[in-house]
A.B. asks: 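I have a structure here, written as structure tokens, and I will follow up with some questions on it.
Hydrogens, waters and symmetry mates play no part in the numbers below; they use all other heavy atoms, side chains included. Residue numbers start from 1 in every chain, and the chains themselves are labelled A, B, ... in the order their sequence lines are given, proteins ahead of strands. Keep in mind that this is a model prediction, so the values were computed, not measured.
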Amino acid sequence: MQLIEAIIKPSKLEDVKEALSALGLEGMTVTEVKGFGRQKGHTELYRGAEYVVDLIPKVKVEVVVKAEQGSQAVDAIVGAANSGKIGDGKIFVLNLDEVIRIRTGERGSDAI
Amino acid sequence: MQLIEAIIKPSKLEDVKEALSALGLEGMTVTEVKGFGRQKGHTELYRGAEYVVDLIPKVKVEVVVKAEQGSQAVDAIVGAANSGKIGDGKIFVLNLDEVIRIRTGERGSDAI
Amino acid sequence: MQLIEAIIKPSKLEDVKEALSALGLEGMTVTEVKGFGRQKGHTELYRGAEYVVDLIPKVKVEVVVKAEQGSQAVDAIVGAANSGKIGDGKIFVLNLDEVIRIRTGERGSDAI
Amino acid sequence: MHVALHRTTWWSVFAGLLLAPLSALAQGAEELVEVAVVDTINSGDTAWMLTSSALVLMMTLPGLALFYGGLVRSKNVLSVLMQCMISAGLIGVLWVVVGYSWAFGEGGNFVGSFEHVLLAGITPDSVSGTIPTYVFVMFQGMFAIITPALMLGAFAERMRFGPYVLFIAVWVLVVYCPLAHMVWGGGMISQWGAIDFAGGLVVHMSSGFSALAAAIYLGKRKGFGHEKMMPHNLPLTVIGAALLWVGWFGFNAGSELAADGVAGLAFLTTQTATATAVLVWVLIEWAHRGKPTVLGAATAAVAGLVAITPACASVGPGGSILVGAGAGIICYLAVTILKPALGYDDSLDVFGVHGVGGAWGALASGLFIAEVTDLGWGGQVWIQLQSIIFTAIFAVVLTLIILVVMRLVLGDLRVDEDAESTGLDLTEHSETAYSHEA
Amino acid sequence: MHVALHRTTWWSVFAGLLLAPLSALAQGAEELVEVAVVDTINSGDTAWMLTSSALVLMMTLPGLALFYGGLVRSKNVLSVLMQCMISAGLIGVLWVVVGYSWAFGEGGNFVGSFEHVLLAGITPDSVSGTIPTYVFVMFQGMFAIITPALMLGAFAERMRFGPYVLFIAVWVLVVYCPLAHMVWGGGMISQWGAIDFAGGLVVHMSSGFSALAAAIYLGKRKGFGHEKMMPHNLPLTVIGAALLWVGWFGFNAGSELAADGVAGLAFLTTQTATATAVLVWVLIEWAHRGKPTVLGAATAAVAGLVAITPACASVGPGGSILVGAGAGIICYLAVTILKPALGYDDSLDVFGVHGVGGAWGALASGLFIAEVTDLGWGGQVWIQLQSIIFTAIFAVVLTLIILVVMRLVLGDLRVDEDAESTGLDLTEHSETAYSHEA
Amino acid sequence: MHVALHRTTWWSVFAGLLLAPLSALAQGAEELVEVAVVDTINSGDTAWMLTSSALVLMMTLPGLALFYGGLVRSKNVLSVLMQCMISAGLIGVLWVVVGYSWAFGEGGNFVGSFEHVLLAGITPDSVSGTIPTYVFVMFQGMFAIITPALMLGAFAERMRFGPYVLFIAVWVLVVYCPLAHMVWGGGMISQWGAIDFAGGLVVHMSSGFSALAAAIYLGKRKGFGHEKMMPHNLPLTVIGAALLWVGWFGFNAGSELAADGVAGLAFLTTQTATATAVLVWVLIEWAHRGKPTVLGAATAAVAGLVAITPACASVGPGGSILVGAGAGIICYLAVTILKPALGYDDSLDVFGVHGVGGAWGALASGLFIAEVTDLGWGGQVWIQLQSIIFTAIFAVVLTLIILVVMRLVLGDLRVDEDAESTGLDLTEHSETAYSHEA
Ligand SMILES: Nc1ncnc2c1ncn2[C@@H]1O[C@H](COP(=O)(O)OP(=O)(O)O)[C@@H](O)[C@H]1O
Ligand SMILES: Nc1ncnc2c1ncn2[C@@H]1O[C@H](COP(=O)(O)OP(=O)(O)O)[C@@H](O)[C@H]1O
Ligand SMILES: Nc1ncnc2c1ncn2[C@@H]1O[C@H](COP(=O)(O)OP(=O)(O)O)[C@@H](O)[C@H]1O
């Protein structure tokens with residue numbers, strides 16, 4: 001099983017959710033984060049002084065999938081979150097040792 | 001060492017914390033997240049229009065444990081977070097290569 | 001490739017960012033979290049009653065690096081975030097199977 | 001204001017209470033206390049009373065709504081705001097339809113009458129004292145809106161919205177209007193000679209004691225005692241307390257119904273008592289718990305305002321300092337010692353602040369009286385005590401009766417456990433207070 | 001107030017409109033309606049009007065700013081607050097420089113004159129009725145500030161700040177001041193005998209209909225219909241609605257320009273209609289959607305306040321209940337049925353609340369009139385209808401002309417798609433509303 | 001108001017300052033300026049002054065509290081709110097106990113006396129001008145509450161609460177009351193003939209210059225210059241600025257102590273200057289930095305209000321536009337150019353807005369005077385300058401003396417580095433502003 005962690009633009013969340021649902025992946029966990037990278041931050045004004053804010057709001061989507069669905073899921077996220085502009089984000093794929101569904105105690109793929 | 005990531009209902013956080021403490025696990029990191037899954041979202045009204053909000057507030061608990069404590073910890077979380085209702089959440093277990101305590105530079109199990 | 005996850009004090013974020021940039025690591029993702037550990041929480045007053053709040057605001061920094069840069073990065077974070085006081089935080093290092101840059105579809109080290 | 005013509009004692013009263021509505025209607029006109037009517041409107045007095053009426057509405061909306069809203073958990077803030085809004089909506093209508101007449105229509109010892117239902121007989125030319133009667137109706141109407149809303153803090157985070165709506169409507173007619181009539185409409189308590197200038201009995205004790213009864217009757221919040229239930233937004237609470245303070249000048253100095261020297265006195269004693277209460281509470285908390293808190297200061301301000309309410313025109317500047325200091329001490333003790341000792345879950349300390357503070361103020365109106373009345377100092381204090389006891393019993397008993405009957409008719413007055421844990425905003429109103437999506 | 005000397009019908013008017021400014025200047029003095037001037041200042045009336053003027057500013061800042069600010073997404077809240085602030089700044093200056101004279105200077109059927117540019121000829125000793133003219137200038141100036149700001153809710157989250165600033169300045173001179181003159185300055189609509197005590201036509205219909213035109217002309221928000229665009233902070237919206245409610249007593253009862261019985265009536269009808277609207281809307285929503293919402297209650301309050309605005313001195317207490325109930329029903333339908341049916345993106349329902357509510361109130365001013373005028377009941381209703389139709393057309397046509405011309409001169413009036421997605425706070429103002437870094 | 005009987009020059013004054021309290025008490029009655037007393041209360045004037053007093057409290061609570069509270073980091077917002085609350089509490093009591101007498105009791109050139117300690121000799125029947133003396137006491141008391149609170153913005157986020165409490169108490173007695181006496185109580189500056197209608201010298205310059213001294217004496221915030229210290233909640237700041245604006249009408253037009261034509265003038269100039277300042281500041285910032293900000297608009301509003309404060313009754317509408325435009329330009333420069341150039345850490349720009357704006361307004365009161373006094377235009381301007389210089393030196397010197405002594409007695413006036421980094425809410429008050437737990 002894999003844990004796919006995608007850092008995307010907040011405005012793409014809805015599209016990513018739909019793309020994953022279309023694959024039958026109907027579970028995910030979403031976190032508001034801030035990202036720092038190549039994408040330039042913006043300037044803020046504060047009583048005439050200028051400050052560069054380089055931490056940009058992003059959304060982290062975590063999806064756990066069976067190993068065989070991994071590349072499909074990655075492709076779906078790339079397809080939905082890609083706008084061709086700097087700052088579209090990254091996907092990190094990690095190997096997952098175990099998954100447990102709390103409600104039933106099920107383990108492994110059944111628990112996803 | 002293992003990184004145990006549990007997505008639970010916010011109202012279960014206190015119980016999970018106590019269950020882990022009872023095992024002598026006195027460190028954890030908590031993040032407010034939103035979850036999407038089988039649990040139905042709720043309907044919100046906005047000037048007479050209905051919207052379905054399907055991202056539900058959850059809490060992510062990350063606990064790093066020695067490999068040998070992993071299953072104990074998972075059981076403790078399952079025990080404390082289980083209400084038998086859809087949406088109780090998931091536990092993901094990842095293998096961890098290294099842990100460092102920033103204050104002392106200690107590494108490995110000593111740093112947990 | 002490695003995913004380095006550092007839990008640090010919020011006031012150290014700027015220093016950590018600079019230390020990583022000095023290594024040429026110009027990407028990271030930041031999350032506001034709360035931490036529970038050895039560091040004592042604080043007491044809050046509410047109409048004369050005292051409550052101990054043991055979840056302390058922390059910041060989680062995630063940095064993906066090539067395997068060979070891992071220990072450098074860890075050292076940089078330790079150097080920047082260390083104040084010698086309890087609660088300075090932890091660093092967790094995970095192995096990463098794949099990285100994808102959403103914008104270009106690049107994979108592996110090129111995508112970092 | 002009205003010297004007693006025929007004295008009734010409080011212990012002889014309860015027996016007759018159930019008959020009150022009937023007897024009130026049956027009262028002969030010769031028993032009615034005439035409201036002094038001067039023919040001409042004074043524009044200055046009217047200007048002040050228009051302003052005061054607006055200020056008293058501001059106390060509820062947004063003052064009280066924010067004071068309470070900030071103190072609950074974020075999942076319940078809208079339910080609190082909604083309960084304040086609906087008090088303005090529902091009682092706002094009810095007052096014009098029947099409440100005013102029931103409280104201030106010519107009546108008997110206990111209640112008014114139905115003569116002014118839908119404000120029958122009142123025109124833009126009608127005058128009460130030196131102001132248009134319509135303005136008097138409005139000023140009093142704003143009191144009728146805030147009083148039931150004060151109670152909601154006691155059973156916040158757990159009562160269903162529907163039962164709440166019904167409860168405040170019935171409560172205003174059964175508890176508030178009769179008390180207003182008894183104290184300000186020429187009824188029994190005014191005949192005793194009790195001092196209650198702006199509503200220590202009518203507004204604060206009535207709501208505070210009723211709120212305690214309701215909180216106990218409804219039971220504790222799920223998790224009370226185990227979970228931390230910290231205020232979700234203290235700046236909102238401070239805004240609320242601040243607007244209550246500002247609006248309260250309309251409440252107290254407005255109760256003179258004129259812009260004159262007594263209004264000035266009431267303004268001054270209100271300010272001085274409140275400032276003193278803030279100072280004293282903060283110092284006590286600092287000494288007792290090691291830190292002075294802003295929630296302490298905000299709570300103290302409300303406690304001081306409550307306590308000076310009945311007393312604001314009968315004590316002098318020095319007396320107002322004593323009233324405020326007393327409020328700071330007594331309400332601090334009620335909230336931090338009494339409540340935990342007794343263990344009831346009065347979520348936002350309505351009883352500790354309004355019930356206890358109102359009673360203290362009503363007593364202090366006599367204790368620190370500047371110009372002794374015909375009753376003498378001791379007589380006045382005794383009458384104040386008698387009124388306090390009567391009001392407490394009256395409010396508690398009738399509130400419990402209302403709630404028991406509602407329970408029988410409507411079923412559970414509380415939301416279920418799941419809803420309590422999800423929060424009332426979503427389950428009762430299908431709304432979320434804050435949403436920070438991009 | 002001004003009985004018609006010579007009647008003009010609305011259909012004969014549009015042709016002459018472009019000539020209006022010229023003709024106005026050319027009007028002979030004999031056609032001008034004299035403002036009754038009494039020599040002495042009444043301090044009570046003045047006190048109330050000073051207070052009312054402050055209350056009406058409070059309606060915009062912070063009332064309206066918060067009401068709207070809470071409803072947009074968090075990335076646009078500052079843009080809304082800024083648009084309210086600049087209305088106070090820009091129109092605040094413009095009013096003293098030329099607006100007051102253009103609306104209330106002696107003029108003709110359509111506009112005032114330039115005689116009081118920079119308040120020439122007015123001194124601290126000048127008196128209007130029983131109050132200093134300066135106070136009248138200010139009271140009216142606060143109306144001129146809120147009216148254009150009301151519109152911004154319709155095109156919120158997408159209009160560029162620069163064009164907005166220009167738009168409201170032109171709109172005040174071209175739409176607002178002429179309407180104010182026609183209705184309150186002795187112009188055409190007042191000559192018809194139309195009732196508009198505090199601005200159902202001048203303030204609410206003018207802004208509501210103009211806002212609709214602007215929202216349609218500017219186009220929908222990106223993602224409208226697909227994305228959820230939920231309010232980011234409902235407590236802010238409730239504070240805003242509450243302060244609008246409180247301030248509106250200055251708006252309506254202040255429009256009497258005196259602290260007298262009619263002011264009392266206007267206060268009472270304002271309160272009663274608003275309370276009724278809240279109650280009715282909440283009950284409808286409860287029945288229709290299963291839950292009563294606090295946003296519903298807040299919206300209803302504004303709808304009730306809008307509707308009673310023109311009618312507050314011509315209907316009685318009973319009539320005000322009908323006005324409020326009608327507002328609750330009609331505005332609910334406009335917002336929940338009409339808007340989705342027609343598909344326009346009036347972001348914050350300016351049309352559904354102010355346009356529709358204002359029209360309903362203007363009609364109701366005649367329908368439920370307490371004392372029939374010389375026009376007779378039917379005649380009055382007909383004149384009200386005529387004024388409503390005239391105002392709607394006048395506002396829509398002129399607003400579209402202004403926007404089309406601005407578009408030609410300035411280019412796009414909207415921010416680009418990227419900016420809309422980032423949010424106007426950052427792209428237009430380089431600011432972020434909330435920042436929770438440690 | 002009081003024409004100089006015997007002139008004192010400011011440079012001859014400093015030497016005698018330490019003797020002032022003694023000499024004041026020793027003054028013979030023949031040197032005292034009598035307050036004109038008319039026997040009857042005017043209800044309209046009283047209505048306006050009751051309202052104004054409430055409005056001025058609203059400026060501090062919640063106005064200033066929110067304006068400042070939104071600008072600090074979220075870990076310090078409660079400390080700011082608390083410092084405002086305690087000013088209302090502590091100074092509220094102190095004023096009645098001794099402050100009023102010390103400022104307005106019959107005294108000499110520098111201070112009043114102790115004759116009205118605890119308001120001895122004042123009853124509900126006492127009259128000042130045309131209003132009850134109690135109302136005058138309260139109106140002035142609200143000024144005494146806001147003035148020290150204004151200072152806290154300069155040393156926000158670092159001063160310990162205990163020393164702050166002591167500081168404002170001493171400062172009110174040593175700096176504020178004497179200045180109030182000198183300017184409004186018949187003392188030296190009034191004898192010079194200086195114009196300071198509502199407190200450019202007494203309130204804004206005194207607090208602004210003292211604040212600068214305190215900020216420099218306490219030192220910069222940890223991380224100042226390196227860390228971004230962005231406002232944590234700009235909507236709170238905008239609400240605060242808006243309520244300051246609304247309340248300021250009480251401050252300025254209330255300073256006439258009557259509801260008359262001059263009050264109308266003061267209201268109008270206040271509104272016009274403020275609107276102009278907003279407009280000018282926004283345009284400058286737009287040109288200078290590329291974007292107009294809402295914080296700029298809010299700051300400009302306060303700058304405009306500050307500047308017109310002394311001048312609001314001596315300039316006309318045109319003059320008020322100049323005062324406001326000047327405030328927009330000068331305060332913008334002070335905040336964006338002067339402060340970074342000099343490098344001091346005046347956290348929330350108390351000096352740039354109140355110190356500089358107050359001085360500009362005091363000068364402009366003479367520069368743009370509408371009706372030249374006996375002093376002549378040049379003479380008036382000179383007296384204004386003299387008063388400005390005197391006030392600046394007086395405030396800075398005494399503030400530094402107070403702080404140095406406090407430092408010696410109490411030890412460090414600042415929190416330690418750890419506390420500064422954790423935030424004052426937790427370390428000084430054991431509270432957290434926002435908590436979003438479920
Ligand atoms: N090395 C990294 N480690 C962790 N997160 C990263 C890293 N590089 C980028 N990110 C995340 O991805 C986001 C987008 O990266 P950026 O370099 O701005 O653009 P792009 O995705 O187009 O390469 C960043 O805001 C950050 O959240
Ligand atoms: N495939 C998944 N990947 C990541 N998170 C998931 C996944 N499935 C579920 N979750 C998380 O677990 C929570 C609970 O899942 P849900 O399907 O609603 O109920 P249950 O835990 O009873 O199966 C979700 O809200 C989401 O946060
Ligand atoms: N076992 C653990 N698993 C996950 N996070 C932990 C663990 N132990 C500590 N942490 C995180 O690290 C932070 C610091 O740990 P703490 O024990 O307080 O001090 P120190 O870092 O000095 O050992 C905690 O607040 C928590 O966020």
Side-chain angles (χ1 to χ4, degrees), chain D residues 41-48 50-51 53-55 57-58 60-62 65-66 69 77-79 81-82 85-86 88-93 95-97 118-119 122-127 131-135 137-138 141-142 161 233 236 239 259 428-438, chain E residues 42-48 51 55 73-75 130 228 230-235 238-239 241-243 245-247 249-250 253 258-265 267-268 271-272 274-279 282 289-295 297-298 300-301 316-318 320-321 324 421 423 434:
Chain D
I41 289 173
N42 176 306
S43 66
D45 294 343
T46 303
W48 174 234
L50 290 164
T51 303
S53 304
L55 284 172
L57 179 64
M58 189 175 79
T60 308
L61 294 176
L66 294 179
V77 55
L78 297 182
S79 75
L81 302 183
M82 183 64 174
M85 285 293 289
I86 207 64
L90 175 61
I91 309 301
V93 176
W95 185 252
V96 167
V97 173
L118 264 170
L119 305 188
I122 307 177
T123 72
D125 296 329
S126 305
V127 176
I131 61 172
T133 302
Y134 278 159
V135 176
V137 173
M138 281 294 101
M142 300 312 187
F161 182 66
N233 193 322
L236 285 191
I239 307 178
E428 292 291 294
H429 306 293
S430 286
E431 290 176 294
T432 307
Y434 309 102
S435 112
H436 286 289
E437 300 153 48
Chain E
N42 175 306
S43 67
D45 295 344
T46 302
W48 173 233
T51 304
L55 285 173
R73 289 165 289 175
S74 57
K75 62 188 177 186
T130 59
K228 288 188 270 282
M230 305 302 276
H232 88 284
N233 193 323
L234 281 175
V238 173
I239 308 178
L243 292 178
W245 191 336
V246 172
F249 293 118
D260 59 13
V262 175
L265 171 68
F267 193 113
L268 185 134
Q271 168 68 4
T272 306
T274 306
T276 309
V278 168
L279 195 61
V282 165
R289 292 294 183 192
K291 300 278 181 188
T293 67
V294 73
L295 177 57
S320 72
I321 290 179
S421 137
Y434 309 103

A.B. asks: Side chain, backbone, both or neither: which part of E:Leu268 has a non-hydrogen atom closer than 4.5 Å to chain D?
C.D. replies: both

A.B. asks: With a 4.5 Å heavy-atom cut-off, do D:Tyr134 and E:Pro317 have their side chains touching?
C.D. replies: yes

A.B. asks: Quick check on D:Val96 against chain E: is it the side chain, the backbone, both or neither that has a heavy atom closer than 4.5 Å?
C.D. replies: side chain

A.B. asks: On a heavy-atom basis, which atom in D:Glu428 and which in E:Lys291 lie closest, and how many Å separate them?
C.D. replies: O-CD, 3.4 Å

A.B. asks: Assess whether side-chain contact (heavy atoms from CB on, under 4.5 Å) is satisfied between D:Leu57 and E:Gln271, documenting all intermediate values.
C.D. replies: CA-CA 10 Å; D:Leu57 179 64; E:Gln271 168 68 4; 4.1 Å; yes

A.B. asks: Between atom OG of D:Ser126 and atom CG of E:Leu265, what is the distance when rounded to the nearest 0.5 Å?
C.D. replies: 11.0 Å

A.B. asks: Rounded at 0.5 Å granularity, tell me how far CG in E:Leu55 sits from CG in D:Leu55.
C.D. replies: 8.0 Å

A.B. asks: Mind ranking D:Leu50, D:Thr46, D:Leu119, D:Ile91 by heavy-atom pairs under 4.5 Å with chain E and telling me who comes out on top?
C.D. replies: D:Leu50

A.B. asks: At a heavy-atom distance under 4.5 Å, which candidate from D:Pro132, D:Gly92, D:Ala433 has the highest pair count against chain E?
C.D. replies: D:Ala433

A.B. asks: So which of D:Gly44, D:Gly141, D:Ala88, D:Ala65 has the biggest tally of heavy-atom pairs under 4.5 Å with chain E?
C.D. replies: D:Ala88

A.B. asks: Once rounded to the nearest 0.5 Å, what's the spacing between atom CZ of E:Phe267 and atom OG1 of D:Thr51?
C.D. replies: 8.5 Å

A.B. asks: Specify the closest pair of heavy atoms between D:Ser43 and E:Ala259, including all atoms of both residues, with the distance to one decimal.
C.D. replies: O-CB, 3.4 Å

A.B. asks: Counting only heavy atoms closer than 4.5 Å, note whether E:Asn42 contacts chain D via side chain, backbone, both or neither.
C.D. replies: side chain

A.B. asks: I need the residue from D:Ile131, D:Ile86, D:Val93, D:Val135 with the largest number of non-hydrogen atom pairs under 4.5 Å to chain E.
C.D. replies: D:Val93

A.B. asks: So, using side-chain contact (heavy atoms from CB on, under 4.5 Å) as the criterion, who are the partners of E:Ala300 when residues are at least two apart?
C.D. replies: E:Val278, E:Trp281

A.B. asks: Going from CE on D:Met58 to CZ on E:Phe249, what distance comes out if it is rounded to the nearest 0.5 angstrom?
C.D. replies: 12.5 Å

A.B. asks: Taking only residues two or more places apart in sequence, or in another chain, which ones meet E:Ala242 in a side-chain contact (heavy atoms from CB on, under 4.5 Å)?
C.D. replies: D:Leu61, D:Pro62

A.B. asks: Between the side chain of D:His429 and the main-chain N/O of E:Pro292, is any donor-acceptor distance below 3.5 Å?
C.D. replies: yes

A.B. asks: Enter the distance from D:Met138:CE to E:Thr272:OG1 here, rounded to the nearest 0.5 Å.
C.D. replies: 4.5 Å

A.B. asks: Are D:Leu81 and E:Leu234 close enough, and set up right, to give a side-chain contact (heavy atoms from CB on, under 4.5 Å), and what steps lead you there?
C.D. replies: CA-CA 10 Å; D:Leu81 302 183; E:Leu234 281 175; over 6 Å; no

A.B. asks: Using a cut-off of under 4.5 Å for heavy-atom pairs, which of E:Leu243, E:Asp260, E:Val262, E:Val246 has the most such pairs with chain D?
C.D. replies: E:Val246

A.B. asks: Quick check: does any side chain N or O of D:Glu431 sit under 3.5 Å from a backbone N or O of E:Val294, one acting as donor and the other as acceptor?
C.D. replies: yes

